[in-house]
Amino acid sequence: MPSIVALIYSSEFEERNYGALCKNRPDYMLPFGGRYRLIDFSLSNISNHDISRVVLYADRMLRSTLDHIGNGKSWELNRRNGGLLINSPSYNSKGNLSEIETYYDTIRYFEDHPSDYIYIKNPMYINKVDITDAKETMESNDLDCLIFSTKTEDRDGYYLNRRIISSDENGKPCSVGLNLGLSNEIDLFLGSIMIKRDMFLRILRTAMEKNSQMSLLNAIFSFAGDMNIDFYRHNKEFEIISDINSFFEANMKLLKKDDFNQLFYEDGLVYTKSKDEPSTSYTKESNVKNSLIANGSIIRGEVENSIIFRGVSIGKGAVVKNSIVFQDTVISDGAILNYAITDKRTFIDKDTRLFGNRSHPFVTSKNEKLEKGI
């Protein structure tokens, strides 16, 4: 789809919300579902709709991004013409990340690579958007901009403080705010915008000239020019990941077969960097229930309601329940984990106990060594 340029930018990242998990990686590089990274969903969705020009605004911690994504080959974005461009984000005069300045600093790219539309995607909103249908909607209705959202009730407050879109008397988007739980039904923003390229450039230049906005969504609604703007409502499975708790819950949902199949197999496959690993080995003493276990692991103990990544070793008599175990973690004999997230290459000594709860899982750091008595 050469008429669209896709931009991927995690514009709402707060490192402190993820504790130790984001000390060495950006949020969009968090491991997910046993063998994937969160960024895989955005790259796959874009690739499945044949968009060949993609700009990823990476975090300052680039190593994990470059190691996993490289030149984009796993998503067929390693092309001579177009393909994947990885660029750094920009900071304003106060040292804060600025979405507007980030896009404006690459304005030459948009000028040198003409397109009809710009599709902006926040990778922390996990969903599969029908980008082709959205483009056709814009063309058939001569729209300048589409705001992707979903109509939902939030009686339990799960989406408190998430961005919501208000409507005018004609049912058109008119402003962005935060969900404070005051309305029975909300239009929840789903992290995606499609906008005409020429309008996108006008908004960037206006926002920079007035130095009035940091986010593109706010700049769109404050733009003084005439815009034909509408909703594009998404009615399928989605997840919004903004902290450790939402990350944990999104992973746990994958243990339900229907949720797993809908997220990974319906409306296009999810691709990731391939790694050649042997099949996981299960000893006679092992006991596994309702878990996702990737290749290359050795299971000698008990695993229940958990997600186990590649290369994990679980010792004899060890018990892992309601936990997420990242790549190359070693869980020694007799250790017990319940409601825990272990980062890569964590070593857990014999008979060590790690306990958290569903809203506050116990989290280890990358390469951390934990001994009995913790």
Side-chain angles (χ1 to χ4, degrees), residues 4 6-13 28 38 41-42 45-46 49 51 99-100 103 117-196 199-200 203 213-223 227-242 246 249-250 253 259 262-263 266-268:
I4 295 180
L7 313 182
I8 303 175
Y9 181 38
S10 180
S11 57
E12 302 171 35
F13 177 39
Y28 60 81
L38 293 178
F41 290 87
S42 296
N45 189 216
I46 287 167
H49 287 274
I51 297 175
E99 186 180 10
I100 290 295
Y103 300 148
Y117 300 100
I118 306 292
Y119 173 67
I120 301 101
K121 171 67 177 175
N122 186 324
M124 304 308 290
Y125 292 72
I126 310 301
N127 52 23
K128 291 180 177 177
V129 172
D130 193 339
I131 303 172
T132 303
D133 183 65
K135 172 178 170 289
E136 292 172 353
T137 298
M138 289 197 68
E139 291 175 335
S140 61
N141 294 283
D142 193 26
L143 295 171
D144 295 310
C145 182
L146 275 179
I147 307 296
F148 291 68
S149 70
T150 186
K151 279 274 192 183
T152 185
E153 294 184 351
D154 190 30
R155 298 185 186 279
D156 297 326
Y158 189 74
Y159 300 117
L160 283 175
N161 296 316
R162 303 307 310 170
R163 289 194 287 180
I164 57 175
I165 310 299
S166 298
S167 308
D168 61 19
E169 62 276 8
N170 298 314
K172 301 285 187 177
C174 64
S175 65
V176 57
L178 291 179
N179 176 31
L180 300 180
L182 303 179
S183 302
N184 292 329
E185 187 177 57
I186 57 174
D187 245 313
L188 185 67
F189 178 58
L190 288 183
S192 294
I193 298 169
M194 185 174 287
I195 187 169
K196 284 183 176 178
M199 182 62 70
F200 176 70
I203 289 173
Q213 301 295 337
M214 290 179 61
S215 81
L216 177 62
L217 196 57
N218 284 332
I220 286 172
F221 287 118
S222 64
F223 186 61
M227 285 186 66
N228 189 4
I229 185 171
D230 209 341
F231 288 102
Y232 187 86
R233 291 196 170 95
H234 179 82
N235 299 313
K236 296 187 177 181
E237 186 72 18
F238 69 92
E239 297 291 339
I240 303 176
I241 297 176
S242 58
S246 56
E249 291 296 335
K253 282 185 179 181
D259 288 347
Q262 186 174 20
L263 197 57
E266 293 182 11
D267 302 315

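Owing to the predicted nature of the structure, the values given are computational and were not obtained by experimental measurement.
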Peer 1: Check Asn228 against Asn141 and note the closest heavy-atom contact, atom names and distance.
Peer 2: ND2-O, 3.5 Å
Peer 1: Please give me the minimum heavy-atom distance between Leu143 and Thr137, naming the atom from each residue.
Peer 2: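 Shortest heavy-atom separation between Leu143 and Thr137 comes out as CD1-O, 4.1 Å.
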Peer 1: Under the side chain to side chain donor-acceptor pair (under 3.5 Å) rule, collect the residues that match up with Asn218, sequence neighbours excluded.
Peer 2: Ser215
Peer 1: Which distance, rounded to the nearest 0.5 Å, do you find between the CD1 of Ile186 and the OG1 of Thr150?
Peer 2: 9.0 Å
Peer 1: Measure the CD1-CD1 distance between Ile229 and Ile147 for me, rounded to the nearest 0.5 Å.
Peer 2: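 Ile229 CD1 to Ile147 CD1: 4.0 Å, rounded to 0.5 Å.
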Peer 1: Holding to salt bridge (Lys or Arg N to Asp or Glu O under 4.0 Å), I want the full list of residues that pass it with Glu239, two or more places apart in sequence or in another chain.
Peer 2: Lys253
Peer 1: Test of understanding: with side chain to side chain donor-acceptor pair (under 3.5 Å), list the residues that count as partners of Glu139, not counting sequence neighbours.
Peer 2: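 Once residues adjacent in sequence are excluded, the partners of Glu139 under the side chain to side chain donor-acceptor pair (under 3.5 Å) criterion are Lys135.
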Peer 1: With sequence neighbours left out, write down each residue that passes salt bridge (Lys or Arg N to Asp or Glu O under 4.0 Å) with Asp267, or none if nothing qualifies.
Peer 2: Lys236
Peer 1: Could you grab the distance from atom CG of Asp130 to atom CG of Asn127, nearest 0.5 Å is fine?
Peer 2: 11.5 Å
Peer 1: Only counting residues at least two apart or in another chain, list the ones meeting side-chain contact (heavy atoms from CB on, under 4.5 Å) with Ser42.
Peer 2: Ile8, Lys121, Pro123
Peer 1: Run the side-chain contact (heavy atoms from CB on, under 4.5 Å) check on Leu188 and His234 step by step: do they pass?
Peer 2: CA-CA 10 Å; Leu188 185 67; His234 179 82; over 6 Å; no
Peer 1: Which atom pairs, donor and acceptor, lie under 3.5 Å between side-chain atoms of residues 157-165 and protein residues at least two apart or in another chain?
Peer 2:
residue: Arg162; atom: NH2; partner: Glu12; partner atom: OE1; Å: 3.0
residue: Arg162; atom: NH2; partner: Tyr125; partner atom: OH; Å: 3.0
residue: Arg163; atom: NH2; partner: Glu12; partner atom: OE2; Å: 2.6

Peer 1: Would you mind listing every side-chain hydrogen bond (donor to acceptor under 3.5 Å, both in side chains) that reaches into residues 166-182, with sequence neighbours excluded?
Peer 2: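 Output for this query lists Asp154-Asn179, Lys172-Asp230.
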Peer 1: Are Ser10 and Asn122 close enough, and set up right, to give a side-chain contact (heavy atoms from CB on, under 4.5 Å), and what steps lead you there?
Peer 2: CA-CA 5 Å; Ser10 180; Asn122 186 324; 4.1 Å; yes
Peer 1: Asp144: which residues meet the side chain to side chain donor-acceptor pair (under 3.5 Å) condition with it, sequence neighbours left out?
Peer 2: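 Listed in chain order: nothing, the list is empty.
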Peer 1: For side-chain contact (heavy atoms from CB on, under 4.5 Å), just list the numbers for Cys145 and Met199, CA-CA rounded to whole Å, side-chain angles, deciding distance to a tenth of an Å, and then say yes or no.
Peer 2: CA-CA 8 Å; Cys145 182; Met199 182 62 70; 5.9 Å; no
Peer 1: With rounding to the nearest 0.5 Å, note down the distance linking CD1 in Ile4 to CD1 in Ile131.
Peer 2: 6.5 Å
Peer 1: Looking at residues at least two apart in the chain, or sitting in another chain, which of them share a salt bridge (Lys or Arg N to Asp or Glu O under 4.0 Å) with Glu237?
Peer 2: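 Partners of Glu237 under the salt bridge (Lys or Arg N to Asp or Glu O under 4.0 Å) test: none.
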Peer 1: Just jot down the side chain to side chain donor-acceptor pair (under 3.5 Å) partners of Lys128, sequence neighbours excluded, or say none.
Peer 2: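 Lys128: no side chain to side chain donor-acceptor pair (under 3.5 Å) contacts found.
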Peer 1: Mind checking what makes ring-ring contact (aromatic ring centres under 6.0 Å, His included) contact with Phe200, not counting sequence neighbours?
Peer 2: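 Checked Phe200 against ring-ring contact (aromatic ring centres under 6.0 Å, His included); matches are Tyr103, Phe110.
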Peer 1: Dump the intermediate steps for side-chain contact (heavy atoms from CB on, under 4.5 Å) on His49 and Tyr119, then the final yes or no.
Peer 2: CA-CA 12 Å; His49 287 274; Tyr119 173 67; over 6 Å; no
Peer 1: Could you give the distance from CG (Asn184) to OG1 (Thr152), rounded to the nearest 0.5 Å?
Peer 2: 11.5 Å
Peer 1: Could you grab the distance from atom CD1 of Ile195 to atom OH of Tyr117, nearest 0.5 Å is fine?
Peer 2: 11.5 Å
Peer 1: Can you list everything that forms a ring-ring contact (aromatic ring centres under 6.0 Å, His included) with Phe231? Sequence neighbours excluded, please.
Peer 2: none
Peer 1: If you compare all heavy atoms of Asp133 against all heavy atoms of Tyr232, which two are closest, and at what distance to 0.1 Å?
Peer 2: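 Smallest heavy-atom distance, with atoms named: OD2-OH, 2.6 Å.
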Peer 1: If you take all heavy atoms of Ser246 and Ser242, which pair is closest and at what distance?
Peer 2: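 Heavy-atom minimum between the residues: OG-N, 2.9 Å.
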